[in-house]
Amino acid sequence: MKYLHLIWAALFRRKTRTILTLVSIVAAFLLFGMLDAVRTAFDSGSQGIVGVDRLVTSSRYSIIQPLPESLGARIAVIPGVRDVGHANWFGGIYQDPKNFVFSYAVSPNYLDLYPEIHLSAEQRKAFDGNRTGAVIGDKLAQKYGWKVGDKIPLQSTIFPLKNGSKTWTFDIEGIFTVDKDAANGLDQLFLLHWKYFDEANAFGNGTVGWYVDRLTDPALGDRVAHAIDALSANSDHETKTQTEQAFSASFAKQLGDIGLIVGSIMGAVFFTLILLTANTMAQAVRERTSELAVLKTIGFSSRSVLALVLAESVLLLLIGGVIGLGLAAVLAPAIGKGSGGMINLPPVGAGSWAMGVGLMVLIGLVVGALPAWRAMRLNIVDALAGR
């Protein structure tokens, strides 16, 4: 802190250049914070204790490959299985292609498999008794202003009706809430009856997308999973049974390896940032050659000059990086709120801040190392003669 005024004065010796460099650093760490929030959002379904007593059985080859409905009865008699339900991906668009609704066609007992979903007994009875009924998450209802009793038309992106139309109409019979620690996005779901979907759908009848297997004891998970997969071994519908968390992660990876995508983008961004800030620091030190020689003349040691230049570089990264991560911490939850919960981005956590600050210091040391080394080895006579 003793020489902070010297470091600060050197850093802003060329204000325009420093400010432009800071803008680049801010942008880089803003992007880092936002992308890390995206990665955390995709990984959130693979953590926690909710759903540890559930397995998901899907096709071994691809999540889009259907399974026969008859398989459910065979899974139900396996020791350790308490209950079995099934679901099909429906998908749907409400009024505008931008309004995509995550919707599943589910078996009658599907809600019983998810104790973290709360629906009143009256609304559950109305849903069970209406062939075209649907229940929705409270966040989805808030997003579009839907309420119980509304008739909602959804245009299917995949499944046409037998009459050729792609517009399905459903009656909202209930709005459910979920526990705070429930899986990300559960409060955004639109659930309809599988039986109605299967009978009205133009193709793929008698099949389901995946099974949800609730266990009597979570400790039996591995044994039950192997027993379920053995039922379809060497058939045309071999299965892969895994934990609900692993299934959610594999479902997300249909979009791609989020961790690899985020890492690749940030690698390119930080590589560019290193080149930019290294050039800034090299120019800054080169312009101050005679000034650094004067510092040595009045008693500053070579190591002190080295430390001053490295401190200047690290301070530059810390100022821009902290501002960038701070902006990400504010913007990420705001974007999630603005999307009505469809994009549920968590705030920048302590882990992200620690990683970010570590990167700031590391990059600062890397880009300042060569200029600082040259400043340390600077010959006073040669430097003053060159002036």
Side-chain angles (χ1 to χ4, degrees), residues 34-35 37-45 56 58 62-66 87-106 110 114 117 127 132-148 150-161 164-178 182-194 196-198 200-204 208-210 247-258 261-262 331-346:
M34 297 298 290
L35 288 177
V38 171
R39 180 192 58 78
T40 303
F42 273 93
D43 289 345
S44 64
V56 177
S58 59
S62 172
I63 198 172
I64 64 173
Q65 294 289 335
N88 261 84
W89 171 258
F90 178 75
I93 293 172
Y94 178 64
Q95 294 181 341
D96 189 285
K98 295 184 294 185
N99 297 333
F100 188 81
V101 178
F102 286 90
S103 44
Y104 302 158
V106 301
Y110 191 83
Y114 289 84
I117 294 179
F127 172 57
T132 60
V135 291
I136 60 176
D138 57 337
K139 291 295 178 61
L140 182 63
Q142 293 172 17
K143 180 178 181 180
Y144 294 116
W146 295 343
K147 58 185 184 298
V148 174
D150 287 350
K151 285 188 174 293
I152 304 300
L154 291 184
Q155 184 176 9
S156 175
T157 56
I158 303 174
F159 305 102
L161 291 158
S165 172
K166 286 191 174 183
T167 301
W168 298 63
T169 303
F170 302 99
D171 303 305
I172 302 298
E173 296 290 358
I175 298 174
F176 59 80
T177 59
V178 301
N184 204 3
L186 200 60
D187 51 10
Q188 291 279 336
L189 288 184
F190 187 109
L191 303 179
L192 55 127
H193 287 292
W194 176 85
Y196 168 57
F197 166 79
D198 186 63
N201 180 24
F203 59 86
V208 303
W210 62 88
F247 175 77
S248 298
S250 65
F251 193 92
K253 286 182 179 178
Q254 299 296 311
L255 302 175
D257 189 330
I258 302 302
I261 292 172
V262 170
L331 291 177
I335 291 174
K337 186 176 181 181
S339 69
M342 184 60 70
I343 304 174
N344 196 359
L345 296 181

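The basis for the numbers below is simple: all heavy atoms, side chains too, and nothing from hydrogens, waters or symmetry mates.
Once rounded to the nearest 0.5 Å, the distance linking CD of Gln142 with CD1 of Ile136 reads 10.0 Å. To the nearest 0.5 Å, atoms CD (Glu173) and CG (Leu192) are separated by 13.0 Å. Put simply, OG1 on Thr167 and CG on Leu161 are 8.0 Å apart, with the number rounded to the nearest 0.5 Å. Leu186 contributes atom CG, which lies 11.5 Å from atom CG of Leu140 (distance to the nearest 0.5 angstrom). Distance OG1/Thr177 to NZ/Lys139: 10.5 Å, rounded to 0.5 Å. Remark: Ile93 CD1 to Thr157 OG1 distance equals 6.0 Å, nearest 0.5 Å.
Minimum interatomic distance between Phe176 and Leu191 (heavy atoms only, all atoms of both residues): CE2-CD1, 4.2 Å. The two residues Gly145 and Asp150 make their nearest non-hydrogen contact at O-OD2, 4.2 Å. Pairing each heavy atom of Ala105 with each of His193, the nearest pair is CB-O, 4.2 Å. Here the shortest heavy-atom pairing between Ser58 and Trp210 reads CB-CB, 4.2 Å. For the pair Gly92 and Ser103, the tightest heavy-atom approach, listed with the atom from each and the gap, is N-OG, 3.7 Å. For Leu331 against Met34, the heavy-atom pair with the smallest separation is CB-SD, 4.2 Å.
The backbone N or O of Asp198 sits nowhere less than 3.5 Å from a side-chain atom of Asn201 that would complete a donor-acceptor pair. Panel note: side chain Trp168, backbone Phe197; no donor-acceptor pair is recorded below 3.5 Å.
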Practice prompt. Quick one: do Tyr144 and Val101 satisfy side-chain contact (heavy atoms from CB on, under 4.5 Å)? Show the steps, please.
Written response: CA-CA 10 Å; Tyr144 294 116; Val101 178; 4.2 Å; yes
Item to complete: Apply the test side-chain contact (heavy atoms from CB on, under 4.5 Å) to residues Ile175 and Val148: give CA-CA distance (whole Å), side-chain angles for both, the deciding distance (0.1 Å), then the verdict.
Response: CA-CA 7 Å; Ile175 298 174; Val148 174; 4.1 Å; yes
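Every residue two or more places apart in sequence or in another chain was checked for a side-chain hydrogen bond (donor to acceptor under 3.5 Å, both in side chains) with Asn99, and none qualifies. Lys151 pairs by the side chain to side chain contact (heavy atoms under 4.5 Å, CB included) definition with Thr169, Asp171, not counting sequence neighbours. For Trp194, the side-chain hydrogen bond (donor to acceptor under 3.5 Å, both in side chains) partners are Asn88, not counting sequence neighbours.
Residue Phe102 forms a side-chain contact (heavy atoms from CB on, under 4.5 Å) with just one option from Trp89, Phe190, Phe90, and that option is Trp89.
Taking the centre of each ring, Tyr94 and Trp146 come in below the 6.0 Å mark.
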